[in-house]
Amino acid sequence: MMLRALSADFLKIRGKGLWLLIVIAPVGLVAMQALNFGLRYDFLTKLYAKDLWGGLLDNILRFVPIALFMGATLVSSLIAGVEHQLSSWKQLLALPISRTAVFSAKYTITVLLLAVSCVLLSIGSAVLGIALGFPTELPYSDLARIGLYPFIASLPLLALQLWLSLTFRNQALSVSLGIAMAFGSIFTGNLGEFCPLNWPLLTVEGKHQGVFLGAGLGLGLLIMLIGLLHFNRKDVA
Amino acid sequence: MNEFVIRTHNLTKKYHDRAAVNSLNLSIGRGEIYGFLGPNGAGKTTTIRMLLGLIRPTSGKVEIFGKDLQKDRLNILKKVGSLVEYPSYYGHLSAVENLEAIRRILNLPKSRIAEVLDIVSLTKEARRSVKGYSLGMKQRLGIASALLGSPELLILDEPTNGLDPSGIQEIRELIKRMPKEHGITVLVSSHLLSEVELMAGSVGIIAQGRMVFQDTIEHLQHQASSTIEMTVSEPEAAVWIARDSGLTGQLQEGRIHFDGLSNTQVAGLVRRLVENKHDIYRVEEKRKSLEDIFMQIVGTGGSL
Ligand SMILES: Nc1ncnc2c1ncn2[C@@H]1O[C@H](COP(=O)(O)OP(=O)(O)OP(=O)(O)O)[C@@H](O)[C@H]1O
Ligand SMILES: [Mg+2]
């Protein structure tokens, strides 16, 4: 039943600019570094002479958390907005489909869309490295990691944003909170390992990568379940 | 008609201790068109939301097709089509795509989309994005969406709201066909009695959350007593002549009003007046309109 709702959701997001957002974000991140490395090629290649790929990925990684948080915020809001816009909830939820299926489909499509973005980021990074003439043995696992790990660690924020966006018709609340958290994540570094906003970076750097992956997955799941329980019970206007 | 499609038992919904719907006992028989009437804010939409499981009753129970809505929601909803308040649609999609989104969830054959588009006569416009539709077309798309799953029960909340007279007429004809051609039971809400009296067999009137009248439309029409109004050349004298033959009329603005006269009484009175050389200009029957009765029921909080 969830798959049927999901397939309907894919139809509903046509022409909503979501796919564009999904493509633009990783392309933007890569383009930024193309500019960075293009302008300061000699300086940077000397700086990272020992590990050119590592240097590139490190530079990209700086911007991955903020991009993920923004992405999760905007995608959640756009996904929810499709139903809020003309109060389609009353039509959708009066169909013979469980609310759990409806909610799970929304969650799944949001995760899938962002996952596409992350895969594109990995591919884009590789393309950029090759274009910059870096060694041809690609660091496959590092490339995959930069796309996948921070994403998993941002699932708690995604679940929270999706829940808020689905609950409140007015998207101002959820979007401003999401953007505040995205920019806030630049400054939360010294709050330590317990602040979930720091987790995306910690899954790539630092000693306990596995712990933060697990924490991200677990907290994300927990928030999603709370959101689901609430969605199942709430009155539909 | 003891087979009920919808039955509610003391259905109540409170918002902050104020009852929007109060101990409502609705009963709708199979194959009928039920007009659910009430002024703005009476609780029609709130009731309909509860019938669809969109909101939880504070207390009371909803039974549809003889099953408890709380327990059997999905099975019941498989056989229900609905349109609540104003049509929901995805403006950036065409009518076909809108229906396709629902079709995927209902898991129906694709051909069904063309069928419902044909029923509501939207086939020609079906590939345009719905944003540019007129209100009437959106409303028809809403009905098409409701019909998609071949429901046995159609719940339409003010489907003619905001439509022009021809749009209203079109929707009304569409609704009237439902029981006849498709065997569908219809619940249609409205705040105008005149709108449902032409299609509904039964009516329920709700005011301030309470059901104040529920019966057949004939029964309601029965409440409409008539008066005979006469305009004659010498009204004062005519009142005396009428009184002679045992009929009491009131004189108002030069016209005489009689309550509940039979045909023979009217004929006899006219004959006597003519014999007495009165000129009779007009004999009119004034029916209290259903709308008057409606206003009266709603206004008094329902003493009928
Ligand atoms: N979510 C809510 N919170 C608080 N009060 C509500 C809510 N929904 C409805 N009400 C109140 O319940 C009452 C009934 O509203 P409802 O929308 O059911 O009326 P209605 O008969 O459909 O009216 P209309 O003809 O205007 O559509 C109104 O007084 C309304 O203010
Ligand atoms: Mg209403």
Side-chain angles (χ1 to χ4, degrees), chain A residues 1-21 75 77-109 112 166-167 169 171 228-237, chain B residues 13 15 20 45-46 48-58 69 72-94 96-108 129-131 138 141-146 148-149 151 153-155 157:
Chain A
M1 212 152 57
M2 195 280 274
L3 289 179
R4 285 195 242 136
L6 185 62
S7 118
D9 278 339
F10 271 111
L11 175 64
K12 291 177 203 168
I13 63 168
R14 266 188 209 168
K16 276 282 168 188
L18 262 158
W19 286 111
L20 190 67
L21 180 69
V75 171
S77 175
L78 286 169
I79 290 286
V82 168
E83 308 292 346
H84 284 305
Q85 194 170 21
L86 291 154
S87 304
S88 305
W89 289 115
K90 54 186 159 62
Q91 186 180 63
L92 177 59
L93 298 177
L95 295 176
I97 182 167
S98 72
R99 291 200 188 184
T100 302
V102 171
F103 186 91
S104 311
K106 298 283 179 209
Y107 183 81
T108 308
I109 193 172
L112 283 178
L166 290 178
T167 303
R169 188 191 164 90
Q171 297 295 299
L228 171 64
L229 284 180
H230 173 248
F231 186 77
N232 268 326
R233 303 194 55 84
K234 77 181 185 112
D235 279 358
V236 179
Chain B
K13 179 71 182 182
Y15 288 115
T45 302
T46 306
I48 286 174
R49 287 211 162 98
M50 285 192 279
L51 294 180
L52 295 168
L54 291 173
I55 60 178
R56 277 163 198 271
T58 308
L69 183 69
D72 249 335
R73 201 176 77 92
L74 294 189
N75 276 325
I76 290 171
L77 290 181
K78 273 185 197 139
K79 297 189 279 179
V80 179
S82 64
L83 174 61
V84 181
E85 270 195 317
Y86 34 87
S88 312
Y89 53 89
Y90 305 101
H92 58 293
L93 303 178
S94 69
V96 172
E97 290 166 327
N98 266 278
L99 293 168
E100 171 67 14
I102 300 174
R103 184 201 72 81
R104 290 187 184 181
I105 290 175
L106 298 178
N107 200 19
L108 302 163
S129 91
V130 176
K131 260 194 303 253
K138 287 174 185 164
L141 174 61
I143 294 181
S145 311
L148 197 63
L153 169 64
L154 201 54
I155 296 180
D157 188 17

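Just so it is clear, the values below take in all heavy atoms, side chains as well, and ignore hydrogens, waters and symmetry mates. Chain letters run A, B, ... following the sequence lines, proteins first and then strands; every chain starts at 1.
Chosen from B:Glu97, B:Glu100, B:Lys79, B:Glu85, the residue pairing most often with chain A at heavy-atom distances under 4.5 Å is B:Glu97. Each of B:Leu52, B:Leu77, B:Leu54 has some count of heavy-atom pairs under 4.5 Å with chain A, and the biggest count is that of B:Leu54. Taking chain B as the reference chain and counting heavy-atom pairs below 4.5 Å, the highest number among A:Lys16, A:Lys234, A:Gln85 is found for A:Lys16.
In this structure, no portion of B:Lys138 lies under 4.5 Å from any heavy atom of chain A. Of the atoms belonging to A:Leu92, it is side-chain heavy atoms, and not backbone ones, that fall under 4.5 Å from chain B. For B:Leu93, the part lying under 4.5 angstrom from a heavy atom of chain A is the side chain only. Residue B:Arg73 touches chain A through its side chain alone, counting heavy-atom pairs closer than 4.5 Å. Both the backbone and the side chain of A:Gln91 have a heavy atom closer than 4.5 Å to some heavy atom of chain B.
Listed here is the closest heavy atom pair of B:Gly53 and A:Arg99: O-NH2, 3.4 Å.
For B:Arg56, there are no side chain to side chain donor-acceptor pair (under 3.5 Å) partners, not counting sequence neighbours.
With B:Tyr86 as the aromatic partner, A:Lys90 meets the cation-pi criteria of under 6.0 angstrom to the ring centre and within 45 degrees of the ring axis.
With rounding to the nearest 0.5 angstrom, the CG atom of A:Leu3 is 11.0 Å from the CG atom of B:Asn107. Distance check: A:Leu93 CG to B:Arg49 CZ gives 11.5 Å after rounding to the nearest 0.5 Å.
Among B:Leu74, B:Leu106, B:Val80, B:Leu148, the one residue that satisfies the side-chain contact (heavy atoms from CB on, under 4.5 Å) test with A:Leu95 is B:Leu106. Considering A:Val102, A:Asp9, A:Leu6, A:Ile97 as possible partners of B:Ile105, the one that fulfils the side-chain contact (heavy atoms from CB on, under 4.5 Å) test is A:Ile97.
When atom types are taken as modelled, the side chain of A:Ser88 and the backbone of B:Ser88 share no donor-acceptor pair closer than 3.5 angstrom. Side-chain N or O atoms of B:Arg104 include one that pairs as donor or acceptor with a backbone N or O of A:Ser7 at under 3.5 Å. Remark: side-chain polar atoms of B:His92 are not paired, donor with acceptor, to backbone N or O of A:Ile13 under 3.5 angstrom.
With 3.5 Å as the limit, one finds a donor-acceptor pair spanning the side chains of A:Glu83 and B:Tyr90.
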